[in-house]
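Since the structure comes first, as structure tokens, the remarks are kept for the end.
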2 protein chains.
Amino acid sequence: MARRSDHSRDEIREMALAAAAAIVEKEGSRKLTARSVAGAIGYTVGTLYLVFRNLDDLVLHLNARTLDELHQWLQARVESSAEPRRQLQGLAEAYIDYAVCHTARWNLLFDSVAGDDSELPDWYLARLGKVFGLIESALTPLVAQQGQEAVVQAARVLWASVHGICTLKIRHRLDLAGGQSTGEMAAMLIDNFLEGFTKTG
Amino acid sequence: MARRSDHSRDEIREMALAAAAAIVEKEGSRKLTARSVAGAIGYTVGTLYLVFRNLDDLVLHLNARTLDELHQWLQARVESSAEPRRQLQGLAEAYIDYAVCHTARWNLLFDSVAGDDSELPDWYLARLGKVFGLIESALTPLVAQQGQEAVVQAARVLWASVHGICTLKIRHRLDLAGGQSTGEMAAMLIDNFLEGFTKTG
DNA sequence: ACCTGAACACCGTTCAAGT
DNA sequence: ACCTGAACACCGTTCAAGT
């Protein structure tokens, strides 16, 4: 045994992350274990710790990939020719769609796992920033006259809100009597927020 | 051993839930295990399974208590004499405060644990409904003329949104450059949403 | 140098056996 | 009837030892 050198460190990382994504997607995040990932790529657990600090580190890297995928998903679905309001609604719908289609991976993105209080690394925050960038772009034509800071702040508030609607729905915290659909809720939010924001400023 | 009958089933449940809450609060949700709870109340693991279906079931009951506590917390902090907008801002601030002061228990409330797709039991949804009721009450004077359904819908959208802001902040998903505080974000959300909602309807 | 696999200290859950 | 504690099938993580 030992000294196989079949794959470089980077190749092993790549294989591990691909296997981890497949396991989460097919079997749920509870089946994502060091042993299941190692087994899926034909290595032993020890090898995983040569390439990731620990399982939380692996999950963080998987989440970074999920964010990249989400960014592409959103970009592919928003028509940049549409009017700004329609673009924002489209982004919200696409965001919700992603969560519905890839629930397990999307949930993993927001689970309170690794270090509650510790801050996320810069390379991870950069990915989050890219997603927020899409919202800012769509929002800019509507609120640009209020300054760049207003765009950024409005984008955050709006997106955190859409996220809240999405997460409570996906996790069944809105299964109370007489509920609207997630799409309707997002539409109501965006319409009314923009109504207020563009008028008062 | 065996046949102690020191405590009734209900007493054991009570002790277990109190111990679980203390463990989560002091050591974090990762330390919440069947063995740690059993140890804390002076029983063995087996006993816990006489009283809860499994650990997810224990967590669900703990979460129900957390919701009760949150409901009391919100009720205690909102001045019912204040004007409706101020009441809503107060509720948002109190909600965020609870999350900040009891982060681990609050996180447990929204982690995607037990059965992703399975619905929550009615007695749990009833507790969620009570919390939403506080928002509805504060919102009623502002949008009552638009009908009861509008109140319910607006309350949900508004609260899911405040929740989104809170959760992304607590879980460090908004640690990007130039961020406002959670309170400012919630204020911006509520002000603008209400502005739109009360004018257009 | 690279990888193994056994070991350590844990998990959730069950259930025969004790009183 | 009530509770135990040992057992089962797992965990994350480490690290001496093999090639």
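Sequence lines set the chain letters: A, B, ... in the order given, protein chains first and strands last, and positions in each chain run from 1. No experiment lies behind these values; they were computed from the predicted model shown.
One interatomic measurement links the two molecules: CG of Asp6(A) to P of dA1(C), which rounds to 19 Å at whole-angstrom precision. In this structure, Arg35(B) places its CZ atom 10 Å from C1' of dA6(D), rounding to the nearest Å. Note: CG (Asp56(A)) to C1' (dC11(D)) measures 14 Å, nearest angstrom. Taking atom CG of Asp10(B) as the reference point, atom C1' of dC2(D) lies 15 Å away to the nearest angstrom. As rounded to whole Å, 14 Å separates atom P of dG12(D) from atom CG of Asp57(A). Put simply, CG on Asn54(B) is 20 Å from P on dA9(D), counting in whole angstrom units. As rounded to whole Å, 14 Å separates atom C1' of dT13(D) from atom CG of Leu58(A). Put simply, CG on Leu48(A) is 15 Å from P on dG5(C), counting in whole angstrom units.
For Thr44(B), the side-chain atoms get nearest to dG5(D) when compared with the rest of dT13(D), dC11(C), dG5(D). Picking from dT14(C), dC3(D), dC11(C) the nucleotide with the shortest atom distance to the side chain of Leu50(B) gives dC3(D). If you check dT4(D), dG12(C), dT14(D) against the side chain of Ala34(B), the one that comes closest is dG12(C). The side chain of Tyr43(A) lies closest to dC3(C) when the candidates are dC3(C), dG12(D), dT4(D). Checked against dT4(D), dG12(C), dC3(D), the side chain of Ile12(B) finds its nearest nucleotide in dC3(D).
In this structure, Arg127(B) fails the cation-pi test against Trp123(B), since its NZ or CZ atom is not both closer than 6.0 Å to the six-membered ring centre and inside 45 degrees of the ring normal.
Pairing of dA1(D), defined by two Watson-Crick or G-U wobble distances under 3.5 Å, is identified with dT19(C). The base-pairing partner of dT14(C), taking Watson-Crick or G-U wobble contacts with both distances under 3.5 Å, is dA6(D).
Residue Thr47(A) has no polar side-chain atom (N or O) positioned under 4.0 Å from OP1 or OP2 of dC2(C). Side-chain nitrogen and oxygen atoms of Tyr49(B) include at least one within less than 4.0 Å of the OP1 or OP2 phosphate oxygen of dT13(C).
Between Thr33(B) and Gly42(A), the residue anchored nearer the 5' end of DNA chain C, judged by the nucleotide with its closest heavy atom, is Gly42(A). DNA chain D is contacted by both Lys31(A) and Arg53(A); Lys31(A) maps to the nucleotide lying nearer its 5′ end (nearest heavy atom per residue).
Ring geometry for Tyr95(B) versus Trp106(B): interplanar angle over 60°, hence perpendicular rather than tilted (30 to 60°). In this pair, His102(B) and Tyr98(B) present their aromatic rings tilted. The plane angle is within the 30 to 60° band.
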Salt bridge (Lys or Arg N to Asp or Glu O under 4.0 Å) assessment of Arg171(B) paired with Asp111(B): CA-CA 12 Å; Arg171(B) 295 181 188 182; Asp111(B) 267 349; 3.6 Å; yes
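In plain terms, the two heavy atoms of Leu139(A) and Ala155(A) that are nearest each other are CD2-N, 3.4 Å.
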